[in-house]
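Computed from a prediction, not measured in an experiment: that's the story for all the values here.
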Amino acid sequence: MRIIFLDLDTLRPDHLGCYGYFRNTSPNIDSIAREGVRFTRYYCSDAPCLPSRSALSSGMFGIHNGAVGHGGTAADQFIEGEERDFRARFASTNLFQLFRRAGMYTASISTFAERHTSYWYYGGFNEIHNVGSGGGERADQVSPIAIDWIKKNGKKDNWFLHINMWDAHTTYRTPAEFGNPFEGDDFFEHTWMTQEIIDRQRKEASPHGVREIGMYNNTPLPNYPRQPMEVRDMNDYRRLVDGYDCGVAFMDMHIGYILDALREEGIYDDVSFIISADHGENIGELNSYSEHSTADDITCRIPMIIKWQGGMSGTTDDTLRYNIDLCPTVADLLGVQKAKNWDGESYAPAIKDGTPCPREYLVLSQMAHVCQRSVVFGDWLYMRTYHDGYHNFPREMLYNLGSDPHEEHNVAAEHPEICDKAAHMLLDWFDDCMMNSPQPTDPMQTVLREGGPYHTRGNLGLYCSFLEKTERADEAERLRARHPNEK
């Protein structure tokens, strides 16, 4: 068996043609989707980058594996402790080890582990290629390595190749010679954004917001002309979206080169594909631009496309799923034993014969930029904030994703009964997790005790000064009152 996992950082599904996007950003990804199963309500349990891949590879919620942030104690997985054997449990239960247990040779082309010094992510790989750019690389640095590997190894049997690309991740870095294939299209007829929304957002405090895409500044980046650092009007907004979409299209073009290499080797039809992302990208939702800093639908919803040999072709699954579900799913598909400590649930039947495997609700977490836990069920997204990350978010937010997919209208006050239902789901999830946890502490409490989300620590004064310089002194005053013990 031959399997390729396209791990495409920061890829939001609604900017892919196969998920209904009006622009032709992804013809090669779309071609694989037509031959496999496309999951439409698929989420990372923990966001953003490091927590998401920790959950994916461990098959466990962040509350169980411990890695929920980008710095501090909670940026590392829990230590197994006195029960650790000669090899830690993770050595046999992580996602990539499953392919080796099935008798496959495993290789990875990725800089993620070095970017976050999270070397557990290399667990299970026989062979590792790191171009050394820490996530700043482009697809034209990755695809030649993948193509060379395929030419040398493709005709062998029983291999798994993991390919990690970063072109959709800020800072948008598509080379100038690629041009802009979307220039002059009917963008303004399709976008949800308006000048009225931009004008309102420009009055708000919001790191990575409309006036400070650099998080606490709007300093231009001359080496990245596709990346605006402030949005003043709809033309700026279009330039920002074009920058993101060009990154997706450039990445997809290089995926096409990889597919061509498979065809040249005569093995394309024998390859199974998994295509997914670690998280999405907010492009104005919740006044977050070029960032993935909340536990909302836009940050946490990710694509999942699986083309499996002998599996379903050209089908769609609309049930709620987590990225942590991939571990038990792969175990079922490969016929290897499942780990007892996984939180994920298999959806292999949806791939094999189209049998749905629904979850009633999902809990989404974010601890790197804010401290939030959210619940997705039906059309609803309920968000509960424990640290606002200097956004002045209220404690409770509620959005109807069916009628409000870009989260413009917080209807928590209008639907207290829905908030109560979601809060009960969240409490049940938390109680179940803690009662079944080998650790006595919720890692979110560790984040809060150590001074809050990593990206806020020590930055309150800096940000309030910027707010005051940009005619938002009232917002700075609110933040100082809300965070009296922070600097």
Check whether any side-chain heavy atom of [X] lies under 4.5 Å from a side-chain heavy atom of [Y], and answer yes or no.
X    : Y    : result
N94  : W120 : no
F178 : R138 : no
C371 : V447 : yes
F430 : M444 : no
R359 : R41  : no
F250 : D140 : yes
V375 : W429 : no
L479 : D388 : yes

Nearest-0.5 Å distance that lies between atom [atom1] in [X] and atom [atom2] in [Y]:
X    : Y    : atom1 : atom2 : answer
I213 : N218 : CD1   : CG    : 9.0 Å
R23  : L16  : CZ    : CG    : 13.5 Å
N323 : S57  : CG    : OG    : 9.5 Å
H292 : T170 : NE2   : OG1   : 7.5 Å
M234 : T191 : CE    : OG1   : 5.0 Å
D296 : R301 : CG    : CZ    : 11.5 Å

Provide the closest heavy-atom pair for [X] versus [Y] in the form atom of the first, atom of the second, distance.
X    : Y    : result
I302 : G280 : CG2-N, 4.1 Å
E396 : C419 : OE2-CB, 4.0 Å
P181 : C246 : CD-SG, 3.9 Å
M383 : S374 : CG-OG, 3.4 Å
G71  : Y454 : CA-CD1, 3.5 Å
T329 : Y347 : OG1-N, 2.9 Å

Show the numbers, then the answer: is there a side chain to side chain contact (heavy atoms under 4.5 Å, CB included) between L467 and E212?
-> CA-CA 10 Å; L467 289 171; E212 53 269 281; 4.2 Å; yes
Looking at [Y], is its backbone amide N or carbonyl O close enough to the side chain of [X] to form a donor-acceptor pair, meaning the two atoms are under 3.5 Å apart?
X    : Y    : result
S276 : P303 : yes
R38  : C18  : yes
R232 : I198 : no
S206 : E204 : no
T299 : A295 : no
Y322 : V363 : yes
D278 : T10  : yes
N65  : M60  : yes
N287 : V210 : yes
H64  : C433 : yes

Might you confirm whether atom CZ of F187 has over 12 heavy atoms from other residues, nucleotides or ligands at distances under 6.0 Å?
-> yes
Would you find more than 12 non-hydrogen atoms of other residues, nucleotides or ligands less than 6.0 Å from E127 atom CD?
-> yes
Are the ring centres of F99 and H162 closer than 6.0 Å?
-> no
Output field: ring centroids F96/Y122 closer than 6.0 Å | no
Not counting sequence neighbours, list each pair that qualifies as a ring-ring contact (aromatic ring centres under 6.0 Å, His included) and has a residue in residues 218-241.
-> none
Under the salt bridge (charged side-chain N to carboxylate O under 4.0 Å, His left out) test, residues paired with E468 that sit two or more places apart = R480
Using the test salt bridge (charged side-chain N to carboxylate O under 4.0 Å, His left out), find all partners of D252 that sit at least two apart in sequence or belong to another chain.
-> none
F90 vs S58, side chain to side chain contact (heavy atoms under 4.5 Å, CB included): CA-CA, chis, key distance, verdict | CA-CA 7 Å; F90 186 79; S58 69; 4.0 Å; yes
Show the numbers, then the answer: is there a side chain to side chain contact (heavy atoms under 4.5 Å, CB included) between F273 and Y268?
-> CA-CA 10 Å; F273 289 91; Y268 173 83; 3.9 Å; yes
Would you mind telling me which of R373, Q372, R395 makes a side-chain hydrogen bond (donor to acceptor under 3.5 Å, both in side chains) with T385?
-> Q372
Sole residue of Q201, E230, R211 in side-chain hydrogen bond (donor to acceptor under 3.5 Å, both in side chains) with Y289 = Q201
Is it true that the side chains of [X] and [Y] contain a donor and an acceptor less than 3.5 Å apart?
X    : Y    : answer
H387 : E486 : yes
Y257 : N28  : no
N130 : T111 : no

Report the C-alpha separation of D297 and R12 in whole Å, then their side-chain angles, then the decisive distance to 0.1 Å, and conclude whether the salt bridge (charged side-chain N to carboxylate O under 4.0 Å, His left out) test is met.
-> CA-CA 10 Å; D297 185 75; R12 56 185 283 174; over 6 Å; no
May I ask you to decide whether E408 forms a salt bridge with R200, counting only side-chain N to carboxylate O separations under 4.0 Å?
-> no
Sole candidate of I29, T316, I305, D30 that passes side-chain contact (heavy atoms from CB on, under 4.5 Å) when paired with Y19 = I305
I283 and side-chain contact (heavy atoms from CB on, under 4.5 Å): which partner among H15, H406, M193, E291?
-> H15
From the list Y119, F125, Y121, ring pair (Phe, Tyr, Trp, His ring centres under 6.0 Å) partner of F112 resolves to Y121
Given the rule in the side chain to side chain contact (heavy atoms under 4.5 Å, CB included) test, do H169 and C49 qualify, once you have shown the distances and angles that lead to the verdict?
-> CA-CA 10 Å; H169 192 289; C49 319; 4.1 Å; yes
With under 30° as parallel and over 60° as perpendicular, where do the rings of H70 and H369 fit, or are they tilted in between?
-> perpendicular
Parallel, tilted or perpendicular: which fits the ring planes of Y390 and Y216, with parallel below 30° and perpendicular above 60°?
-> tilted
